[in-house]
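Each remark here refers to the structure printed beneath this line.
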Amino acid sequence: VQLVESGGGPVQPGGSRRLACVASGFIFSSYDMGWVRQTPGKELEWVAVLSTGGNTADYADSVQGRFTISRDNAKNTLYLELNSVKSEDTAMYYCAKDSLPYRAIRQMFAASPSGFERGQGTQVTVSS
């Protein structure tokens, strides 16, 4: 399994950024996928998860209405659109793969994100 995130960088408060995660080594379309983030000294936290077909998503309350998770199964790629960013969105963002295929996303979202395979991450820094 390989997950490679990209798209991070600096962004001003209120701005937007699009993250991408290219997956390989498994049947991407069979697994729910998600994004998690971490800031220094804090635990990993879920940002969003998305079903295999991309039609069911769940979001952390802190990003609901501002971030959008999506996927392109033909390209084995997961995306996270960050809009109206705030300073508290500054973090390392990782994409995560569910441990079993075709599960309900609530199972992934309810579990600790530390238990899922992740990529190397991409840093988003919100600053004016």
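- Distance check, rounded to the nearest 0.5 Å: CG of Asp58 to OG of Ser51 gives 10.5 Å.
- Judged by distance alone, with hydrogens and angles left aside, the side-chain atoms of Arg71 form no donor-acceptor pair with the main-chain N or O of Gly54 at under 3.5 Å.
- Rounding to the nearest 0.5 Å places OG1 of Thr77 at 6.5 Å from CZ of Phe28.
- Tyr79 and Phe67 end up in different hydrophobic clusters when Ile, Leu, Val, Met, Phe, Trp and Tyr side chains are linked at under 4.5 Å.
- Contact detail for Gly34 and Leu78: the closest heavy-atom pair is O-CD2, 3.5 Å.
- In this structure, Met92 and Gln123 approach most closely via the heavy-atom pair SD-N, 3.5 Å.
- Checked against Leu80 for a side-chain contact (heavy atoms from CB on, under 4.5 Å), the options Ile69, Thr122, Thr68, Val63 give a single hit: Ile69.
- Across Asp89 and Ser84, no two heavy atoms sit closer than the pair OD2-O, 4.5 Å.
- Side-chain contact between Asp32 and Val49: absent, with no pair of heavy atoms (C-beta onward) separated by less than 4.5 Å.
- Hydrophobic clustering (ILVMFWY, side-chain heavy atoms < 4.5 Å, transitive): Val1 and Ile27 are in distinct clusters.
- Using modelled atom types, one side-chain atom of Glu5 and one backbone atom of Cys95 make a donor-acceptor pair closer than 3.5 Å.
- Remark: the backbone N or O of Thr52 is paired with a side-chain donor or acceptor of Asn73 at under 3.5 angstrom.
- Between Phe116 and the choices Tyr31, Tyr94, Trp46, the ring-ring contact (aromatic ring centres under 6.0 Å, His included) rule is met once, by Trp46.
- Ala96 and Met108 get closest at one heavy-atom pair: O-CE, 3.5 Å.
- A donor-acceptor contact shorter than 3.5 Å links the side chain of Gln38 to the backbone of Lys42.
- Note on Phe109: it does not cluster hydrophobically with Leu50, by side-chain heavy-atom contacts below 4.5 Å among ILVMFWY residues.
- Of the inter-residue distances, the one linking Cys21 atom SG with Tyr93 atom OH reads 15.0 Å to the nearest 0.5 angstrom.
- With rounding to the nearest 0.5 Å, the separation of CD in Glu117 from CG in Asp98 is 10.5 Å.
- To the nearest 0.5 Å, atom CZ of residue Arg118 and atom CG of residue Leu44 are 4.5 Å apart.
- One side chain, Ser114 or Ser112, offers a donor N or O that lies under 3.5 Å from an acceptor on the other.
- The number of heavy atoms from other shown groups lying within 6.0 Å of CD (Gln120) is above 12.
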Exercise. Where do Arg66 and Tyr59 land on the side-chain contact (heavy atoms from CB on, under 4.5 Å) test, with the steps shown first?
Worked result: CA-CA 10 Å; Arg66 299 188 298 120; Tyr59 295 90; over 6 Å; no
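- Among Val124, Val11, Val126, the single residue meeting the side-chain contact (heavy atoms from CB on, under 4.5 Å) criterion with Thr90 is Val126.
- With rounding to the nearest 0.5 angstrom, the CG atom of Leu82 is 8.0 Å from the OG atom of Ser16.
- Lys97 has its side chain within reach of Leu3: a pair of non-hydrogen atoms, C-beta onward, lies under 4.5 Å apart.
- Looking only at distances, no side-chain donor or acceptor of Arg18 sits under 3.5 Å from a matching main-chain atom of Gly7.
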